[in-house]
There are 2 protein chains.
Amino acid sequence: MKKTHTPLTRERILAAALHLVDAQGLRRLTMRRLGDALEVEAMAIYHHFPLGKEALLDGLVEHLSAVPVTAAPETDWQERLRTWARAYRDRVAAHPGLLPLLVSRPVRTPATLAATEAQYAACHDGGLRGPAILDAVRTLTGYVIGFVSLEIRDARPANGDAAEGLDARYPHATALRSYATGRDPDDQFEAGLTAVLTGITALAAHPV
Amino acid sequence: MKKTHTPLTRERILAAALHLVDAQGLRRLTMRRLGDALEVEAMAIYHHFPLGKEALLDGLVEHLSAVPVTAAPETDWQERLRTWARAYRDRVAAHPGLLPLLVSRPVRTPATLAATEAQYAACHDGGLRGPAILDAVRTLTGYVIGFVSLEIRDARPANGDAAEGLDARYPHATALRSYATGRDPDDQFEAGLTAVLTGITALAAHPV
DNA sequence: ACCTGAACACCGTTCAAGT
DNA sequence: ACCTGAACACCGTTCAAGT
């Protein structure tokens, strides 16, 4: 059969790049390898991303935040925030290799602006006002991105001496070890989420 | 004068690498450039880091968590956690270029183990038990790393369309804009910290 | 407009060689 | 033991050229 390739497009390039990162890691995302995956010379990518690899990486991060998460507005304000938090965690956890990009590249797309607006609205419905709303959203967002960061980071084995011997110098860590192995990550995320939402609610009572 | 260089050492290499990252960013940390900074051929570094650049990057992350943060044990348990949180934030904020490494490379050194143990002890003193302690520490740690991640990320200008026009589609964002510009980051961090600690305390009452 | 081929400056890393 | 020099395979990117 002839080489009737579907035409190269920004979207196809981003999809292939995402696939490459998921499968082999960010370090192996290379213009040449990406070209191979698309059955095209590496230089062809520059025609769709004239600013080069940096722009492509920005595109990946935007891609991750492209579809906005918005719960039905009639539900409880805390439940709406919970829905966003779960969806965001799932999304990031699905592409752990992108985390280093996510924490270093700011994105302001209609999707992210809409998501933030929805969070503000939820907090407003919860009785928060002014700076308390900003603090609440920052706290929640911080918790979520931080939690998934810890999850992704600790999924890799640590290379620090491999000193697994939790000796007598760490009595609490030793005592908690049995709980640690059995703790379900989803439950833990929910517990922290509950804690944060509880604390956020209290922000209304104690303005800074 | 003769070339009486102080001998190359792991510590000197890491210090130079950290300096390079702080000054020029992670992308410009290169074995050859690092060699130049140390007035040595790049290949000399491999004698002190036989596993190459990956090991060097791990070393940088360890370096960041090297000095443990431990508050006086007699102070209030929440205040101890606050002290740790502030110190950790300061430390990470001092080297924003390392953040991508920090979220992707786990570290288990005596210093980090000691810090975790101190956090467990504080939560225990606060009346938490078992899984609630694990959840509390994870939640707090997640918040702190997430908050600084957002700070560092948003310090760079976003490249998404530069659509600054907060139009009528985002009424809350528009209304909150005046507060947003004036909000002190330190105050906001403290507000979130208070919220998280409040929520954490409630974890004792509502075990999962 | 869209892609290719060759070229350039720069990587990380190896290996034999120097001292 | 500690560092150098040359070499290898691989990067991102430019640019003239093809169609």
Side-chain angles (χ1 to χ4, degrees), chain A residues 1-21 23-63 97-98 100-101 104-105 156 159, chain B residues 1-21 23-63 97-98 100-101 104-105 156 159:
Chain A
M1 65 182 179
K2 301 255 286 300
K3 336 199 287 171
T4 16
H5 293 143
T6 42
L8 209 51
T9 185
R10 257 186 73 100
E11 220 44 50
R12 273 192 68 221
I13 294 173
L14 285 175
L18 194 59
H19 186 68
L20 221 163
V21 172
Q24 314 202 33
L26 192 58
R27 290 194 53 238
R28 294 186 65 81
L29 172 58
T30 254
M31 298 303 269
R32 285 170 156 93
R33 246 190 293 259
L34 185 53
D36 281 355
L38 292 161
E39 297 186 60
V40 101
E41 290 301 310
M43 299 73 200
I45 299 170
Y46 285 83
H47 199 269
H48 301 265
F49 290 90
L51 275 60
K53 194 179 185 185
E54 288 299 302
L56 191 146
L57 297 181
D58 284 334
L60 280 180
V61 179
E62 288 178 23
H63 188 89
L98 292 186
L101 302 181
S104 53
R105 292 167 189 268
R156 298 197 186 184
N159 36 9
Chain B
M1 63 182 180
K2 302 257 285 302
K3 337 201 288 173
T4 17
H5 294 142
T6 42
L8 209 51
T9 186
R10 259 186 72 100
E11 219 46 50
R12 273 192 67 221
I13 295 173
L14 285 175
L18 194 60
H19 186 69
L20 221 162
V21 173
Q24 314 202 35
L26 194 57
R27 289 194 55 237
R28 294 186 65 81
L29 172 58
T30 256
M31 298 303 268
R32 286 170 155 92
R33 246 190 292 258
L34 186 53
D36 280 356
L38 292 161
E39 296 184 64
V40 101
E41 291 302 310
M43 299 71 198
I45 300 169
Y46 286 81
H47 199 268
H48 300 266
F49 289 90
L51 275 61
K53 197 181 185 184
E54 289 299 301
L56 191 146
L57 297 181
D58 284 334
L60 280 180
V61 179
E62 289 178 22
H63 188 90
L98 291 186
L101 302 182
S104 52
R105 292 166 189 269
R156 296 197 188 184
N159 35 9

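Sequence lines set the chain letters: A, B, ... in the order given, protein chains first and strands last, and positions in each chain run from 1. Owing to the predicted nature of the structure, the values given are computational and were not obtained by experimental measurement.
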Side chain of [X], backbone of [Y]: donor and acceptor closer than 3.5 Å?
X        : Y        : result
A/Arg10  : A/Gly59  : no
B/Arg33  : B/Leu20  : no
A/Arg156 : B/Arg105 : no

Would you mind reading off the distance between [X] atom [atom1] and [N] atom [atom2], rounded to a whole angstrom?
X       : N      : atom1 : atom2 : result
B/Met31 : C/dC10 : CE    : C1'   : 15 Å
B/Arg32 : D/dC8  : CZ    : P     : 14 Å
A/Gln24 : D/dC11 : CD    : P     : 11 Å
A/Phe49 : D/dT13 : CZ    : C1'   : 16 Å
A/Lys53 : D/dT13 : NZ    : P     : 8 Å
B/Arg28 : C/dG12 : CZ    : P     : 12 Å

Original post:
Would you say a side-chain N or O of B/His48 is under 4.0 Å from OP1 or OP2 of D/dC3?
Top reply: yes

**OP:** Could you tell me whether the phosphate oxygens of C/dC11, OP1 or OP2, come under 4.0 Å of any side-chain nitrogen or oxygen in B/Arg33?
**Re:** yes

Of the listed nucleotides ([options]), which one gets closest to any side-chain atom of [X]?
X       : options               : answer
A/Glu41 : D/dG5, C/dG5, D/dG12  : C/dG5
A/Thr30 : D/dC11, C/dC11, D/dG5 : D/dC11
A/His47 : D/dC3, C/dC2, C/dG12  : C/dC2

Original post:
Who is the Watson-Crick or G-U wobble partner of D/dT13, with both distances under 3.5 Å?
Top reply: C/dA7

Original post:
Got a second to check how far A/His63's NE2 is from A/Leu14's CG, nearest 0.5 Å?
Top reply: 6.5 Å

Using the 3.5 Å cut-off, write out each protein N or O paired with an N or O of nucleotides 14-19 of chain C and the distance between them.
none

